[in-house]
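Step one of this worksheet: look at the structure below.
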Amino acid sequence: MSTRMIQMSRVVDAPPERVYRAWSDAETVRQWLASTVEGSLLPGVRSALVFPRHRIEVDVLEADPNSRFKFRWTHPLDDAISTEVTVVITPIGYGSSVSLSDGPYDVSDEAILDEYARAIEIWAAALTQLRASVDYSVDLRKER
């Protein structure tokens, strides 16, 4: 078994409180990520992020205000695959550093390797959208 983790980080101009709210508040998530959020995004509650073409089940595992948000998500193209995402928010100057890790992915399995590659694209786009939303109040999504 050969496992990999996705790890990315971005610096945003928004304070940690605003960045944390973007991940943990259902209304705010609708401004930059999902079209609709079903559920509360509270620890121990199953919620769903609804997009125009698919739906992603999420289980919030941890929510440490203004610093950490952790959840398990079921991958949209193969619901047998689920991984854990940890978002760590750290103050940096007047803004925040946002570090995201997702995994583990068993890349020795071809189907999971494909999902790993898709997840890299998903998270890169999501972090770009997050920055546009929290820094500039701009929504970059083509479909809502």
Exercise. Kindly compute the distance separating OG (Ser47) from CD (Glu38), expressed to the nearest 0.5 Å.
Key: 9.0 Å

Quiz item: What is the ring orientation for Trp32 with Trp23, classed by angle as parallel under 30°, tilted 30 to 60°, or perpendicular over 60°?
Solution: perpendicular

Quiz item: Do the side chains of Leu41 and Asp25 get nearer than 4.5 Å, heavy atoms only?
Solution: no

Quiz item: Is any side-chain heavy atom of Phe71 closer than 4.5 Å to a side-chain heavy atom of Asp59?
Solution: no

Quiz prompt | Beyond-backbone contact of Arg55 with Leu49, side-chain heavy atoms, under 4.5 angstrom | solution = no

Quiz item: With side chains defined as the heavy atoms from C-beta onward, is the minimum distance between Leu127 and Gln129 less than 4.5 Å?
Solution: no

Quiz item: Taking side chain as C-beta onward, heavy atoms only, is Ile81 less than 4.5 Å from Thr74?
Solution: no

Quiz item: Of the options Glu115, Arg72, His75, which is the one that meets Thr83 in a side-chain contact (heavy atoms from CB on, under 4.5 Å)?
Solution: His75

Self-check item: Heavy-atom side-chain contact between Leu113 and Arg4 under 4.5 Å
Solution: no

Practice problem: Keeping the roles fixed (side chain from Arg141, backbone from Leu33), state whether a donor-acceptor pair exists under 3.5 Å. | Solution: yes

Quiz item: Do Tyr105 and Thr3 come within less than 4.5 Å of each other through their side chains, counting heavy atoms only?
Solution: no

Practice problem: Please write out which residues are connected to Ile92 in a hydrophobic cluster, directly or through intermediates, given that two of Ile, Leu, Val, Met, Phe, Trp, Tyr count as joined at side-chain heavy-atom separations below 4.5 angstrom. | Solution: Val11

Quiz item: Can you find a heavy atom in the side chain of Glu84 that is under 4.5 Å from one in the side chain of Asp102?
Solution: no

